[in-house]
Amino acid sequence: MSESTAHETTVSELMHGCPMVDSLGQKVLFVDRDKYITVVKALVVDGFDVCVDLTGVDYLTHAHRALPAGIVAERFEVVVNLLSLEKRARVRLRVQVPESDATVPSLFDLHPGTEAHERETFDMFGISFDGHPDMTRILMPEDWDGHPLRKDYGIGAIPVQFKGANS
């Protein structure tokens, strides 16, 4: 396998103008950040009206991961899983998010249930969601410094003292 194809995933077709691949029987769309809301609205019309999950991924140590041709790998990715109860089908969206501008539009207006998912992604990865009604920390204290699920976040330790042990 050549260097250029070693890092690409074969696109089976396009869906709403986005490259689509099959991952173990599930459709995976690679959505441009500028088309994110438009594509999610189109998927709602298609019957994918339940947002099951939304999270972030830090690919700091996997910059050369497999992506379809034409998709530029960024450090961060927002991953969204949508469900169509009517079709009994799922679709996963993968949105590349640059480290220099770690923002994505919020899905809150389309899927109000994403409110906590987006806050958690912000809290853990530092990816901000434009238009979110309360973009504040949800898991860590408000004064916490950093984002614990980033690959460059230092591993901390809390000293444990056992009864009777020398300190």
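- Figure legend: R65 and Y59 shown as a cation-pi pair, the cationic atom lying under 6.0 angstrom from the six-membered ring centre and within 45 degrees of its axis.
- The main-chain N or O of R119 is never found under 3.5 Å from a side-chain atom of R137 such that the two would form a donor-acceptor pair.
- Atom NE2 of H117 is separated from atom CG of L54 by 7.0 Å, given to the nearest 0.5 angstrom.
- With hydrogens and angles ignored, the 3.5 Å screen pairs no side-chain donor or acceptor of S23 with any backbone N or O of Q26.
- In this structure, the separation between OG1 on T121 and CD on E118 is 7.5 Å, given to the nearest 0.5 Å.
- Between atom CG of residue L14 and atom CG of residue L29 there is a gap of 9.5 Å, rounded to the nearest 0.5 Å.
- The OH atom of Y36 sits 13.0 Å away from the NZ atom of K41 when rounded to the nearest 0.5 Å.
- Of the possible polar contacts, none joining the T103 side chain to the F129 backbone as a donor-acceptor pair under 3.5 Å is found.
- Listed for the D22 side chain is a donor-acceptor partner under 3.5 Å among the backbone atoms of G25.
- Proximity of a side-chain donor or acceptor of H132 to a complementary backbone N or O of F108 within less than 3.5 Å is not detected.
- Between L107 and I37, some side-chain heavy-atom pair lies under the 4.5 Å cut-off.
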Identify each donor-acceptor pair in which a side-chain atom of residues 69-79 lies under 3.5 Å from a protein atom, sequence neighbours left out, and give them as a table.
unit_1 : atom_1 : unit_2 : atom_2 : d
R75    : NE     : D58    : OD1    : 2.9
R75    : NE     : D58    : OD2    : 3.4
R75    : NH1    : E99    : OE2    : 2.8
R75    : NH1    : D152   : OD2    : 3.4
R75    : NH2    : D58    : OD2    : 2.8
R75    : NH2    : D152   : OD1    : 3.0
R75    : NH2    : D152   : OD2    : 3.3
E77    : OE1    : R94    : NE     : 2.7
E77    : OE1    : R94    : NH2    : 3.4
E77    : OE2    : R94    : NE     : 3.3
E77    : OE2    : R94    : NH2    : 3.2
E77    : OE2    : Q96    : NE2    : 2.4

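- Residues F30 and C18 fail the side-chain proximity criterion, which asks for heavy atoms closer than 4.5 Å.
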**OP:** Could you go through the side chain to side chain contact (heavy atoms under 4.5 Å, CB included) check for V52 and L82 one step at a time?
**Re:** CA-CA 6 Å; V52 179; L82 301 175; over 6 Å; no
Subject >> E115 vs D134, side chain to side chain contact (heavy atoms under 4.5 Å, CB included): CA-CA, chis, key distance, verdict >> reply: CA-CA 8 Å; E115 191 269 342; D134 183 22; 4.2 Å; yes
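- Clustering ILVMFWY residues whenever any of their side-chain heavy atoms sit less than 4.5 angstrom apart, transitively, puts M124 in the very cluster that holds V104.
- In this view, H16 and D46 satisfy the side-chain hydrogen bond (donor to acceptor under 3.5 Å, both in side chains) rule, not counting sequence neighbours.
- In this view, E120 satisfies the salt bridge (Lys or Arg N to Asp or Glu O under 4.0 Å) rule with no residue, not counting sequence neighbours.
- Heavy-atom minimum distance, G131 versus S106: C-CB, 3.9 Å.
- Remark: D130 pairs with no residue by the salt bridge (Lys or Arg N to Asp or Glu O under 4.0 Å) rule, at least two apart or across chains.
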Return a table of donor-acceptor pairs under 3.5 angstrom between the side chains of residues 138-147 and protein atoms on other chains or two or more places apart.
unit_1 : atom_1 : unit_2 : atom_2 : d
W144   : NE1    : Y153   : OH     : 2.8
H147   : ND1    : F122   : O      : 3.2
H147   : ND1    : D123   : O      : 3.0
H147   : ND1    : G126   : N      : 3.4

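- With hydrophobic clusters built from ILVMFWY side chains whose heavy atoms lie under 4.5 angstrom apart, L83 does not share a cluster with V44.
- In this structure, CG on N81 lies 11.5 Å from CZ on F48, to the nearest 0.5 angstrom.
- Legend: residues meeting salt bridge (Lys or Arg N to Asp or Glu O under 4.0 Å) with R90, ordered by chain and number and at least two apart, are absent.
- Note: T55 OG1 to L149 CG = 7.5 Å, rounded to the nearest 0.5 Å.
- Within the 4.5 Å cutoff, the side chain of R33 has heavy atoms near those of the D101 side chain.
- Each of V91, V31, V80 was evaluated against V39; a single residue qualifies, V31, per the side chain to side chain contact (heavy atoms under 4.5 Å, CB included) test.
- Side-chain atoms of H111 and V50, non-hydrogen and from C-beta on, never get closer than 4.5 Å to each other.
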